[in-house]
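Because only heavy atoms are used, hydrogens play no part in the values below, and waters and symmetry mates are left out as well, while side chains stay in. Chain A is the first sequence line, chain B the second, and so forth, proteins listed ahead of strands; every chain is numbered from 1.
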There are 2 protein chains.
Amino acid sequence: MNIGEIARRAGVSRSTVSYALSGKRPVSEDTRRRIQQVVDELGYRPSASARALANGRTSTIGLVFPPAGNHYTGMQLDFIGSVVEAAAAHDYDVLLSPSGVDSDRSFQRLLGERRVDGAILMEIRLEDDRVDHLAALDFPAVAIGRTAHPERGWWVGLDHTALAAACVHHLADLGHRRVAFVNRPEQLLRAGYESAHRGLDGFTKAAAERGLTVRTYCCGDDAASGQACLEQILHDDPATTAVVTLNEAALGGLYGGLAKAGRHVPRDFSVTGVVASRWAETVTPQLTAADVPAAELGRRAVDLLVERLDHPGASPRHHLLAPPISLRASTGPAGGTSFAQAQTPTHPYS
Amino acid sequence: MNIGEIARRAGVSRSTVSYALSGKRPVSEDTRRRIQQVVDELGYRPSASARALANGRTSTIGLVFPPAGNHYTGMQLDFIGSVVEAAAAHDYDVLLSPSGVDSDRSFQRLLGERRVDGAILMEIRLEDDRVDHLAALDFPAVAIGRTAHPERGWWVGLDHTALAAACVHHLADLGHRRVAFVNRPEQLLRAGYESAHRGLDGFTKAAAERGLTVRTYCCGDDAASGQACLEQILHDDPATTAVVTLNEAALGGLYGGLAKAGRHVPRDFSVTGVVASRWAETVTPQLTAADVPAAELGRRAVDLLVERLDHPGASPRHHLLAPPISLRASTGPAGGTSFAQAQTPTHPYS
DNA sequence: TCACTTCATCGAACCGGTTCGGCGAAGCTA
DNA sequence: TAGCTTCGCCGAACCGGTTCGATGAAGTGA
């Protein structure tokens, strides 16, 4: 079941079999057919390890994803799925690497032992030693997210600043004046997660621009924290009429808190944010939100990585996406007057 | 940066370096230290491909997971995460394989090209050709789920029959007489997905045993389908007072539909089912449900697989889990009387 | 001092592919 | 028919590890 066996049965040399299968040198039609027939009969497939050893490429890309300790979000699952599918389309396999407690160890496995040709990194921080490390090694990698120095790297990212700002403008256009911001957990913000930072920035600046009164909160990645956070918001400023959130996992809790407080969405209170569409559609009423195009990000990351692998030395490229806000049913005008949702915005946010 | 370079710098032969690092033959303390020093200085790590080629083991396991076409559930993400972590603990990497449209192709990659030492299969069907195929090849694999012939294989699974039955008994104990069942999509049921089949079985039998009036529904894996399904349920039998669901993704829609119909949970209507705890806690009120121990299933699957890899020829083993129902806030006595949730059940379901 | 064991190390073969240089036969030109 | 090119294939080396058998030096006992 190795190439020598095929060669023997087809009555040719091993190299001829190799060339017949790879097409890298011409082989007479006659012998090619003979070899192919033997291959088909025996169901022969070349060993990935041997091939990787010989030509120095594993046809595998590493996906460095956050440890299980963090709660996974729907977004991350969509990333993984789309990365795997896109990679398969380019004939690459995907090796998962937990960048968990012992992240050095798994990095050593991926890079040191040369298990992968390139890597895709998730959950980027503004100052990210992993990104710096890979850049220093000139190892082909693409980040899903921007560091503080995005010009130097390969990445695909979401314009969290613009998205959070768009949410603010949307609410301001609806007449809301007192708005709260529900961020990811404080621990992640302190660790420098880019979405938490840039989202907060975008929110703060846009709110200042529109002269809104705001409060910002960090909130654990679970429903209970969301509910507690909302109670805190209403306690701190009962006149709050809207929230913007980046926290998918807390969303259910926010809604729960509003229900408990007797605030009807969207009549008494508006909710919006940056959330994967699948989650935005899960809650009732469905969330008006900037839909995170997770699958597209994953696909584009793979495309960039494959491009980088095919053209070593190419100059850095990136994609910054800013999807429009999808109007659903969770926002309405401030003041409780109920009129049609589809009014014309006075500020362009899509 | 290969073993020859290390050998040269340490003034020994390649084989000595290999033995010093693997410990498979004694090496004098003196030379061992010298080799180790060179290794540390250069940050040498042996190439995974070369090692795999030489000793025939890749230290990688394949995780065959459903295509992105299906909506991913929180459960699946937890599987993936726990499998990766458990594999890392055993010094294995995890290669993702989409068992999608072109599942033969990715199987060929995994097995034919010998990229993995073993495999873990998700989303098992009662009659599953993948399981049969791997069993016929005697390829080390562990299924997360049981086929119709579980005695022959290696698997970890959830006792969906018992879990669905426990939900029925729970509702019956609360006095519910007219109960609906919300299954996964019809397409999956027809395809023979075991959770859909066994869950339906358990529900039906337990309901018959308790003399309940039931209706069963299939429902798409998304919120909109869930809402539509609930409307259908109330249309078909407005006297329905409870549902049991296996469909995580439809849960939000079911709640939405109930809210829209003006049925208060749990006062007017009870909801329960088999759902990962993270999702059960997301909805308001939190779902009383049999929590799917996804992380534990993943971990156990890896443990079984590693055991099988370490002891070829061992006889099949498996784990069948039946977690208890976690009482939360989505079920209450039939008839709308509101009393404390924590009453003593008359039927043992935990 | 010689025969025998033990210990540390080496050289070579092997895993299963890829790739380079070369060689003989056939085809073409003169 | 000699000389040259082209075509199709072969043999050998190589990728970077692991492993087996052998070898020489040191240690042991008679």
Requested in this report: Select base, sugar-phosphate, or nothing to describe what Arg57(B) touches, counting heavy atoms under 4.0 Å on all strands.
Outcome: nothing
Query raised in the report: Which of residues 30-43 of chain A sit near DNA chain D, with a heavy atom under 4.0 Å from it?
Result: Thr31(A)
Query raised in the report: Which atoms form the tightest heavy-atom contact between Ala20(B) and Ile35(B), and what is the distance?
Result: CB-CD1, 3.7 Å
Query raised in the report: When you match Arg114(B) and Tyr19(A) each to their closest nucleotide on DNA chain C, which lands nearer the 5' end?
Result: Arg114(B)
Requested in this report: Considering just the side-chain nitrogens and oxygens of Ser15(B), establish if one lies under 4.0 Å of OP1 or OP2 belonging to dC10(C).
Outcome: no
**Report entry** Cationic N near anionic O, under 4.0 Å, Arg125(A) to Glu194(A)
**Finding:** no
Report summary line: Heavy-atom nearest pair, Val116(A) first then Gly62(A), reads CG1-N, 3.5 Å
Query raised in the report: Which heavy atom of Asp78(B) sits nearest a heavy atom of Ala294(B), and at what distance?
Result: CB-CB, 3.5 Å
Report task. Would you indicate, yes or no, if dC7(C) has its OP1 or OP2 atom less than 4.0 angstrom from a side-chain nitrogen or oxygen of Ser28(B)? Result -> no
Query - For Ile144(B) against Ile124(B), the heavy-atom pair lying closest together - result: O-CG1, 3.4 Å
Report task. For the pair Glu113(B) and Arg115(B), find out whether any cationic side-chain nitrogen is under 4.0 Å from an anionic carboxylate oxygen. Result -> yes
Requested in this report: Before giving the answer on side-chain hydrogen bond (donor to acceptor under 3.5 Å, both in side chains), spell out for Ser13(A) and Thr16(A) the whole-Å C-alpha distance, their side-chain angles and the decisive distance to 0.1 Å.
Outcome: CA-CA 5 Å; Ser13(A) 75; Thr16(A) 301; 3.1 Å; yes
Report task. Determine whether Leu21(A) and Gln36(A) make a side-chain contact, defined as any pair of heavy atoms from C-beta on separated by less than 4.5 Å. Result -> yes
Requested in this report: Provide the full list of ring-ring contact (aromatic ring centres under 6.0 Å, His included) pairs with a residue in residues 112-158 of chain B, sequence neighbours left out, each pair given once.
Outcome: Trp155(B)-His318(B)
Query raised in the report: What parts of residues 44-56 of chain B reach DNA chain C, counting only heavy atoms under 4.0 Å away?
Result: Leu53(B), Ala54(B)
Report task. Show your reasoning for whether side-chain hydrogen bond (donor to acceptor under 3.5 Å, both in side chains) applies to Thr147(A) and Asp128(A). Result -> CA-CA 7 Å; Thr147(A) 67; Asp128(A) 202 304; over 6 Å; no
**Report entry** Near-strand residues of residues 3-12 of chain A, defined as heavy-atom separation under 4.0 angstrom from DNA chain D
**Finding:** Gly11(A), Val12(A)
Query raised in the report: Can you list the residues that meet the salt bridge (charged side-chain N to carboxylate O under 4.0 Å, His left out) rule with Glu41(B), with sequence neighbours excluded?
Result: none
Report task. Under the side-chain hydrogen bond (donor to acceptor under 3.5 Å, both in side chains) rule, what do Ser15(B) and Ser18(B) come out as? Steps first, then yes or no, please. Result -> CA-CA 5 Å; Ser15(B) 52; Ser18(B) 178; over 6 Å; no
Report task. Would you indicate whether the side-chain heavy atoms of Asp117(B) and Tyr92(B) approach each other to under 4.5 Å? Result -> yes
Query raised in the report: First contact, last contact: which nucleotides of DNA chain D are these for chain B, 5' to 3', heavy-atom distance under 4.0 Å?
Result: dG16(D) to dA22(D)
